[in-house]
Amino acid sequence: MPTMIQYTPLHGRHQALEARLIEFGGWMMPVQYEGIQAEHVATRKAVTVFDTCHMGRFRFEGSGAIESLSHLLSQDLRTLRDGVCRYGFLLNDDGGVLDDTIVYRFDAEHWMLVVNAGTRAKDRAWITARLAGSVTFEDASDRLGKVDVQGPRSLEVVSTVLGRDLTMLPYFRFVEFTRGKDRLLVSRTGYTGEKGVEIYATADRIGPLWDDLLAAGVKPAGLGARDTLRLEAGLPLYGHELGEDVTPVEAGMERYAAKSEPFVGREAVLRRLAAGPAKRLCGFKTTGRQAARAGHRVLVAGQEAGVVTSGSFSPTLQCAIGFAYVATPHAPLGTRVTIDTGRAALDAELVQMPLYSAVK
Amino acid sequence: MIPEGLQYTKDHEWVRVDGAELVVGITHHAQEALGDLTFVDLPKVGKTVKAHDSLSVVESHKAASDVYAPVAGTVAAANSALATEPERINRDPYGEGWICRLKDWDRNGLKTLLTPAQYTQFLAST
């Protein structure tokens with residue numbers, strides 16, 4: 001497949017704001033505007049907006065939609081009410097994680113699945129090859145856009161800008177409504193550990209929505225802050241903590257793949273649970289400011305015990321934090337480890353994630 | 001933006017002669033390219049370096065970068081304030097964001113460094 005860089009509907013605005021742009025998952029995305037530190041703090045203390053148009057959005061419609069999706073997704077769809085969304089996985093037959101997703105239930109015959117940018121084409125091929133004939137599939141990723149508005153002031157500001165009181169919208173619920181020319185979907189979800197929403201609109205209306213949010217005092221934030229925020233919030237990133245080489249069991253996320261009805265990968269997950277995973281995903285916190293990065297080795301008493309999957313300096317904790325896969329015997333919380341960065345040995349402790357949460 | 005009275009390297013370090021010592025830091029351009037600094041691995045006092053040896057490592061949220069010795073010398077002092085406030089480099093790269101001072105440094109090495117005009121020209125060409 002040819003690799004061609006894609007641009008979101010907000011690209012021109014990012015350029016006008018002199019954002020620093022990088023390629024991420026095949027997309028040219030803003031990594032920072034004012035600076036990662038300032039954008040991180042603005043999200044924790046006030047409100048910011050992220051361009052998340054790059055993520056994939058699939059729509060499903062038809063009488064067989066619930067059965068067909070139930071077979072493919074680890075989420076329990078039968079206990080999901082209309083207007084509620086739920087986190088879970090798309091697994092392969094071996095229980096390997098093809099993607100982590102959020103599924104939105106409009107009603108039993110209408111659904112939306114939000115997937116990662118870099119996995120969109122793979123997911124689409126996997127899903128469409130396995131859907132029942134009675135289900136209509138639409139890759140709505142290009143037709144729809146999305147921005148995430150996150151921070152303690154987010155619900156208040158979004159309510160003002162959209163002219164609708166969303167302050168009482170419960171966590172992982174969504175509403176659809178019309179605002180002028182725009183058909184909007186707002187869900188109480190996010191990737192920062194803060195209160196916040198994700199707003200979906202048609203791609204041509206995302207720009208004006210972005211302008212309205214900025215005019216209301218919302219600061220733009222980029223992928224850099226998104227990464228430090230999600231690390232503090234203990235949220236995995238596909239391609240780092242999750243991949244086809246691990247099941248939800250190694251990731252400690254088997255509760256998101258625990259429904260009793262059959263789905264692709266369930267048998268493998270149950271076998272892995274019964275056998276016990278050889279490694280576990282652990283959060284860690286170092287004693288200093290120097291960051292551990294993906295690929296650095298984790299040592300326990302001088303012996304190789306694991307590998308770092310993500311790491312960064314935490315603006316909130318003022319020390320370095322991250323995730324690592326650690327061999328199960330060395331994975332209990334509180335274990336003292338050494339992280340070998342190649343030029344320094346960092347003292348760290350395995351800790352309970354999240355290290356920060358204000359979502360509910 | 002490029003202060004007079006300093007000399008520069010193509011790796012974006014600056015030096016300033018101060019009596020018998022040479023003060024070393026990274027330029028405004030370098031701190032801007034790196035973004036918010038989160039950690040500075042300060043050189044140990046007494047460490048002797050050759051020109052282009054790694055003197056220090058500075059880290060931002062995204063990456064770690066070497067700071068190279070502009071000339072040979074011995075570390076006389078390091079800016080210990082950077083241990084807890086690396087953002088001083090972002091705020092004031094030519095002032096309170098200095099990284100270290102060298103003693104017994106190679107005066108001939110100074111001739112290999114860029115003048116403010118040459119560094120300005122170098123930035124424009126890259």
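Each chain gets a letter, A, B and so on, in the order the sequences are listed, and its residues count up from 1.
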Peer 1: Side chain from CB out, backbone as N, CA, C, O: work out which of these in Val40(B) comes under 4.5 Å of a heavy atom of chain A, or both, or neither.
Peer 2: neither
Peer 1: Short of 3.5 Å, which donor-acceptor contacts do chain A and chain B share? List atoms and distances.
Peer 2:
unit_1	atom_1	unit_2	atom_2	d
Arg20(A)	NH1	Glu32(B)	O	3.4
Arg20(A)	NH1	Ala33(B)	O	2.8
Arg20(A)	NH2	Glu32(B)	O	2.5
Ile36(A)	N	Asp36(B)	OD2	3.2
Gln37(A)	N	Asp36(B)	OD2	2.6
Arg289(A)	NE	Thr38(B)	O	2.7
Arg289(A)	NH1	Thr84(B)	O	3.2
Arg289(A)	NH2	Thr38(B)	O	3.2
Ala291(A)	N	Glu59(B)	OE1	2.8
Arg293(A)	NH1	His61(B)	O	2.8
Arg293(A)	NH2	Ser60(B)	O	2.9
Arg343(A)	NH2	Asp66(B)	OD1	2.7

Peer 1: Quick check on Ala38(A) against chain B: is it the side chain, the backbone, both or neither that has a heavy atom closer than 4.5 Å?
Peer 2: backbone
